[in-house]
Number of protein chains: 2
Amino acid sequence: MTDTPTGQPVRVVLVDDHPVVRAGLRALLGGQDDLAVVGEAGDLDTAERVVRAEHPHVVLMDLSLGDGPGGAETTARLLALPDPPHVLVLTTYDTEADILRALEAGAVGYLLKDAPPEQLFAGIRATARGETVLAASVAARLVRRASSPGPVVTEREVEVLELLARGLGNREMARELFVSEATVKSHLSHVYAKLGVDTRAGAVAAAIERRIIRSGG
Amino acid sequence: MTDTPTGQPVRVVLVDDHPVVRAGLRALLGGQDDLAVVGEAGDLDTAERVVRAEHPHVVLMDLSLGDGPGGAETTARLLALPDPPHVLVLTTYDTEADILRALEAGAVGYLLKDAPPEQLFAGIRATARGETVLAASVAARLVRRASSPGPVVTEREVEVLELLARGLGNREMARELFVSEATVKSHLSHVYAKLGVDTRAGAVAAAIERRIIRSGG
DNA sequence: GTGGGCATCATCCGATCGGCTACTCCGGTG
DNA sequence: CACCGGAGTAGCCGATCGGATGATGCCCAC
């Protein structure tokens, strides 16, 4: 509703591997007097360089950045720079793991790409002021999560889940991980408990849904 | 490389549920003299109305249109209109099932959102001429697929896969589907063969990857 | 009008899974 | 130093799975 009282526009850097999306954000933000896009990047390295050079107030970041390092890692890297920007995550997905990783990495906001432009503008202004901005559905997920114990799967368990998704049997997993079959079964039991399932198929589905493992693509 | 010899610009309608993406495409296409965005839509109904009114040469469509009807269905609906446009699918995903559905629905092109703008422009011009345009990775998938027998999973088999992803046992699936356990096992065997796996966990992963079933979110 | 694909059902049987209990190492933390 | 959690290991055993084989009814296409 209201505008920012400062005379200086909010300096924004766009980080997204989709040229189309970058152009879209540029076009949208260009219509706002108090928002200025001072740079953009399609990958982590470029992002780091641009942020270092431009010292933006806000970085608008797409989480599904390429296939390499996740947006969460990128966020962390940018926040480690001197005079770090506020990071506002703007993504297509609203999966729990994504949100948590981004917020844990230090992002102060999380909006979805299908958000109306006004919400986006307001989000950027709020982010520049250091406020936390969450899309409604994102907030809802966080609330829902706050009431449940965090299923923290260990690194090893993730490995087992990945092999599991490839359809390996316990014996094969054991060989692959250089451990005994008993150990694999042990990990599986723990995974089942943490994911709230009791079958391999259910574990794979749950793991993919919570983005503990990815399903290729 | 070359431009279209016609004096009339290519009339384009954008269909995408992300305002940001629509703005991006508008901005990008706006820089091309021979391309004119004559309308846009964020959902199926609007798309149908706009196409009916504007009679565009090309429809740029995002497959991941909302959570309702898929882009494939939307494509089919638009092609069913009088004087139908050429449909160029522009999406984030390059999953086999998506591509096939879109192409089967009648789309003549398939590009990814992370494509460079030049490729996008060329694709639109080619589409306007009725040519087929495929992103490199998409073409590769089709080639890879052509050599293998088409894994066309039946409706019933999808049901089994969905229950499988929920971690149900054969007995439970049988009860859920009002059939005998033997039938469930039969379906599973067929599914395994079609997906090229031999375990329930592998089947779930393969089914999610090929978007035969969704994993929530 | 016959073949093929789909859905259905049945039986057999070896292989695997999943739950249970119990133990050893190790690195952190109070 | 004692405690805890993660990782690794072991054996037992009933339940389940997966493969093989074979059969029936239906509907559609050639």
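So that the names make sense, note that chain A is the first sequence line, chain B the second, and so on, each numbered from 1. What you see is a predicted model; the values in this text were computed from it and never measured.
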Classify the nucleic acid contact of Thr199(B) as base, sugar-phosphate or nothing, counting any heavy atom under 4.0 Å across all strands shown. sugar-phosphate
Rounded to the nearest Å, what distance is computed from the CD atom of residue Glu181(B) to the P atom of nucleotide dT11(C)? 12 Å
For dT8(C), does either OP1 or OP2 sit under 4.0 Å from a side-chain N or O belonging to Thr183(B)? no
For atom CG of Leu177(B) and atom P of dC6(C), their distance in whole Å: 17 Å
Do the side-chain N or O atoms of His190(A) get closer than 4.0 angstrom to the phosphate oxygens (OP1, OP2) of dA7(D)? no
Check whether any side-chain nitrogen or oxygen of Arg171(A) sits under 4.0 Å from OP1 or OP2 of dT16(C), and answer yes or no. yes
Against the side chain of Arg156(A), the closest entry in dA10(D), dA7(D), dA10(C) is dA7(D)
Indicate whether OP1 or OP2 belonging to dG18(D) is found under 4.0 Å from a side-chain N or O atom of Arg200(B). yes
Overall bend - the helix from dG1(C)-dC30(D) to dG30(C)-dC1(D), comparing terminal axes fitted on five pairs, nearest 10 degrees: 40°
State plainly whether the residues Glu48(B) and Arg52(B) are in salt-bridge range, i.e. N to O under 4.0 Å. yes
In whole angstroms, the gap separating P of dG18(C) from NE2 of His187(A) amounts to 15 Å
For Glu162(B), all residues meeting salt bridge (Lys or Arg N to Asp or Glu O under 4.0 Å), sequence neighbours excluded: none
Please tell me which of the listed nucleotides, dT9(D), dG18(C), dA7(D), lies nearest to the side chain of Leu188(A)? dG18(C)
Indicate, with a heavy-atom threshold strictly under 4.0 Å, whether Ser186(A) touches base, sugar-phosphate, or nothing. base
List the steps and the verdict of side-chain contact (heavy atoms from CB on, under 4.5 Å) for Tyr110(B) and Leu112(B). CA-CA 7 Å; Tyr110(B) 201 106; Leu112(B) 299 181; 4.1 Å; yes
Judged by nearest nucleotide, the residue sitting upstream toward the 5' end of DNA chain C, Ala201(A) or Thr154(B), is Thr154(B)
Looking at Arg77(B) and Asp45(B), is there a salt bridge between them, counting it only when a charged N and a carboxylate O are closer than 4.0 Å? yes
Could you walk me through whether Glu159(B) and Arg156(B) satisfy the salt bridge (Lys or Arg N to Asp or Glu O under 4.0 Å) test, starting with their C-alpha distance in whole Å, then the side-chain angles of each, then the deciding distance to 0.1 Å, before giving a yes or no? CA-CA 5 Å; Glu159(B) 292 185 80; Arg156(B) 200 56 160 167; 3.1 Å; yes
Per the side chain to side chain contact (heavy atoms under 4.5 Å, CB included) rule, which among Asp17(B), Leu14(B), Leu90(B) passes with Asp62(B)? Asp17(B)
Of all the nucleotides listed (dT8(C), dT9(D), dG19(D)), which has the minimum atom distance to the side chain of Asp198(B)? dG19(D)
Want to settle it: does Phe178(B) or Lys185(B) sit nearer the 5' end of DNA chain C, counting the closest nucleotide to each? Phe178(B)
With side chains defined as the heavy atoms from C-beta onward, is the minimum distance between Val13(B) and Leu60(B) less than 4.5 Å? no
Within the pair Asn170(B) and dT16(D), is there a side-chain N or O less than 4.0 Å away from OP1 or OP2? no
